[in-house]
Protein chains: 2
Amino acid sequence: MVDMPVGHRSYGQACPVAHALDLIGERWALLVIRELRLGPRRYADLQSALPAISPSVLAQRLRDLELAGVVRKRTLSAPIRAQLYDLTPWGADLEAVFVALARWGNQSPHTPLTGELSDDTVMLGLRTFFRAGPAQWNATFQIHLEHESYHLRVRRGRLVELARAEPPGPVDAVISTSRAVLHALLTGALDNNSARASRQISSTGDSTAVDNLLATLTRPASPT
Amino acid sequence: MVDMPVGHRSYGQACPVAHALDLIGERWALLVIRELRLGPRRYADLQSALPAISPSVLAQRLRDLELAGVVRKRTLSAPIRAQLYDLTPWGADLEAVFVALARWGNQSPHTPLTGELSDDTVMLGLRTFFRAGPAQWNATFQIHLEHESYHLRVRRGRLVELARAEPPGPVDAVISTSRAVLHALLTGALDNNSARASRQISSTGDSTAVDNLLATLTRPASPT
DNA sequence: CCGGATCCTTATAGATACTG
DNA sequence: CAGTATCTATAAGGATCCGG
């Protein structure tokens with residue numbers, strides 16, 4: 001096993017769970033990684049997404065996660081010269097852990113959840129709770145929320161991409177709505193027909209594709 | 001949302017992942033829960049399974065997890081009068097999180113893992129990496145390792161129960177082996193034919209059932 | 001500005017001893 | 001056996017500062 005950075009506590013067990021927690025179990029670590037699930041971010045982006053983390057802890061976590069091989073730091077070439085953090089392929093494999101944690105957290109008896117709710121959180125809810133559709137369904141979307149825009153790609157009924165980005169090419173439909181409305185759809189507090197009827201969701205492009213997408217989101221239970 | 005215990009830090013985000021980490025994200029919490037995955041334990045059992053945890057931290061975690069609704073504390077009636085900790089149904093739902101974490105940890109570039117390796121860890125590896133067999137396969141087993149005995153039940157090709165226990169009734173086969181041998185089988189360092197040939201695994205009862213079980217364990221990759 | 005480093009204070013974890 | 005009490009060592013939280 002590769003040595004841990006000095007000064008790092010390890011659980012000292014030859015158990016894959018303990019090992020995983022040695023790498024990503026410290027306070028804030030998984031939330032930093034979570035911020036990178038929808039695409040690369042800069043240091044300042046992470047700070048504003050996680051206002052309660054202190055700069056020293058954020059810097060420490062990024063260093064540790066980079067050393068662990070979960071996060072990668074890139075410096076964009078001139079004239080941009082910005083530093084970006086993103087997930088390594090192995091870091092992106094934490095997706096299954098996030099899905100399991102989110103589904104479990106959603107079953108919590110301590111609901112409803114309170115606190116900050118960001119555009120990213122709602123979109124990640126969409127990713128976590130997206131249900132596969134018919135195998136012949138292929139579509140691309142752009143979704144605009146208040147502060148961010150996202151690109152979705154559905155292939156064979158499955159959500160194969162969801163990232164913070166302007167679409168690389170033409171999309172089948174562009175959807176504009178608010179964080180609150182999308183959140184209400186995901187939690188089941190609102191159904192897609194009434195949302196569209198009351199013009200809380202607007203779209204341009206292939207409206208059948210939009211209907212299909214909204215249909216996979218409406219749920220019986222109540223995620224967040 | 002139900003109030004957190006006073007003095008408890010919360011991430012303060014309305015995100016199911018952040019909420020889950022508020023409840024089970026503190027140091028040692030998931031490892032304490034892990035020790036309960038194979039059945040109830042007493043305080044002293046937990047201490048010896050996690051020798052590096054201090055008594056005050058263990059007591060604190062048990063209190064917090066009980067308050068969170070993940071762990072339950074029971075006092076056995078007279079004349080036993082022992083106190084047992086076990087998982088609530090919702091706590092047991094963390095199974096999916098453990099499986100995801102264990103699979104991720106196993107793909108770590110920092111392997112091979114070093115440190116303590118307990119009977120429980122190896123048996124949990126069996127649970128994590130058990131591959132479903134034919135739907136008509138039903139069987140029960142008892143497995144003896146060095147220090148513990150376990151009860152397994154396979155129904156319709158799936159592992160529906162694996163707990164630290166003497167079997168409640170007759171089993172199809174009783175298997176005796178060592179932690180090291182079972183671990184080697186799971187990691188692929190040893191194959192079941194040579195293990196049985198060299199008598200590192202012995203069994204009584206239905207030997208076809210034993211063959212079927214060992215066949216699901218032998219793997220191409222290398223878990224721990 | 002952005003990307004941190006530094007300093008100081010507070011909260012938690014770790015170690016050891018001890019008690020109902 | 002099942003913890004609590006006490007003390008020390010680290011890590012996190014918060015404010016400020018600094019170099020590119």
Side-chain angles (χ1 to χ4, degrees), chain A residues 4-13 18 21-32 35-36 40-67 71-86 116, chain B residues 4-13 18 21-32 35-36 40-68 71-86:
Chain A
M4 306 287 301
V6 289
H8 268 59
R9 317 177 278 193
S10 162
Y11 289 113
Q13 298 195 333
L21 293 174
D22 280 340
L23 301 178
I24 57 160
E26 298 205 62
R27 187 161 172 78
W28 292 108
L30 269 174
L31 292 188
V32 169
E35 290 304 315
L36 301 177
R41 303 239 83 166
R42 290 174 306 175
Y43 185 92
D45 297 329
L46 296 171
Q47 268 196 311
S48 49
L50 303 169
I53 198 174
S54 69
S56 53
V57 172
L58 178 55
Q60 181 73 46
R61 288 296 166 274
L62 288 169
R63 237 177 290 130
D64 294 347
L65 291 171
E66 192 183 357
L67 223 78
V71 159
R72 197 167 34 188
K73 179 180 186 173
R74 290 182 301 158
T75 302
L76 263 46
S77 53
I80 312 288
R81 309 187 72 69
Q83 289 160 94
L84 287 183
Y85 295 92
D86 66 356
E116 303 162 11
Chain B
M4 305 286 301
V6 289
H8 268 59
R9 314 177 280 195
S10 161
Y11 289 114
Q13 298 195 332
L21 293 174
D22 279 340
L23 301 178
I24 56 158
E26 298 204 63
R27 188 160 173 77
W28 291 108
L30 270 173
L31 292 188
V32 170
E35 290 304 316
L36 301 177
R41 304 241 80 167
R42 290 176 305 174
Y43 186 91
D45 297 330
L46 297 171
Q47 268 197 310
S48 49
L50 303 169
I53 198 175
S54 71
S56 52
V57 172
L58 177 54
Q60 181 73 47
R61 288 297 166 273
L62 288 169
R63 237 177 289 131
D64 295 347
L65 291 171
E66 192 183 357
L67 222 78
V71 159
R72 198 167 34 189
K73 179 180 185 171
R74 291 183 300 158
T75 303
L76 263 46
S77 53
I80 311 288
R81 311 193 119 255
Q83 288 159 97
L84 287 184
Y85 295 92
D86 68 355

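Residue numbers start from 1 in every chain, and the chains themselves are labelled A, B, ... in the order their sequence lines are given, proteins ahead of strands.
With respect to Glu26(A) and Arg9(A), a salt bridge is recorded, a charged nitrogen being found less than 4.0 Å from a carboxylate O.
In this structure, CD of Gln60(A) is placed 18 Å from P of dG3(C), rounded to the nearest angstrom. Straight-line distance from the CG atom of Leu76(B) to the P atom of dC1(D): 15 Å, rounded to whole Å. Atom-to-atom, CG of Leu46(A) to C1' of dG3(C) comes out at 11 Å; the value is rounded to the nearest Å. Distance, Asp64(A) CG to dG4(C) P: 14 Å, rounded to whole Å. Summarising the geometry, the separation between CD on Glu66(B) and P on dA2(D) is reported as 14 Å, rounded to the nearest angstrom. Atom CG in Leu50(B) sits roughly 14 Å away from atom C1' in dG14(C) (whole-Å rounding). Here the P atom of nucleotide dA12(D) and the CG atom of Leu31(A) are 13 Å apart, to the nearest Å. The separation between Arg41(B) atom CZ and dC1(D) atom C1' is 15 Å, rounded to whole Å.
Distance from the side chain of Arg9(A) is smallest to dG14(C) among dA5(C), dA2(D), dG14(C). Nearest to the side chain of Ser54(B), among dA15(C), dG4(C), dA2(D), sits dA15(C). Across dG4(C), dG14(C), dA2(D), the shortest atom-to-atom separation from the side chain of Tyr85(A) is found for dG4(C).
Leu50(A) has its side chain within reach of Glu35(A): a pair of non-hydrogen atoms, C-beta onward, lies under 4.5 Å apart. A 4.5 Å side-chain heavy-atom check between Glu116(A) and Tyr11(B) finds every atom pair outside the cut-off.
Paired with Val32(B) under the rule side-chain contact (heavy atoms from CB on, under 4.5 Å), one option of Asp64(B), Leu62(B), Ile24(B), Val57(B) passes, and it is Leu62(B).
The aromatic rings of Tyr85(B) and Tyr43(B) lie tilted to each other, with the angle between the two planes from 30° to 60°.
Nearest-nucleotide positions on DNA chain C for Ala82(A) and Ser56(A) put Ala82(A) closer to the 5' end. When each of Pro55(A) and Glu26(A) is assigned the nucleotide of DNA chain D bearing its nearest heavy atom, the one mapping closer to the 5' terminus is Glu26(A).
OP1 or OP2 of dT10(D) has not a single side-chain nitrogen or oxygen of Arg27(A) nearer than 4.0 Å. Look at Trp28(A) and you won't find any side-chain N or O under 4.0 angstrom from OP1 or OP2 of dA11(D). Applying the 4.0 Å criterion to OP1 and OP2 of dG13(D), one finds that Tyr11(B) has every side-chain N and O outside that range. The phosphate of dC1(C) has neither OP1 nor OP2 within less than 4.0 Å of any side-chain N or O from Arg81(A). At dA13(C), one or more side-chain N or O atoms of Arg61(B) fall inside 4.0 Å of OP1 or OP2 (strictly under the cut-off).
Here Gln47(A) lies out of heavy-atom contact (under 4.0 Å) with every strand.
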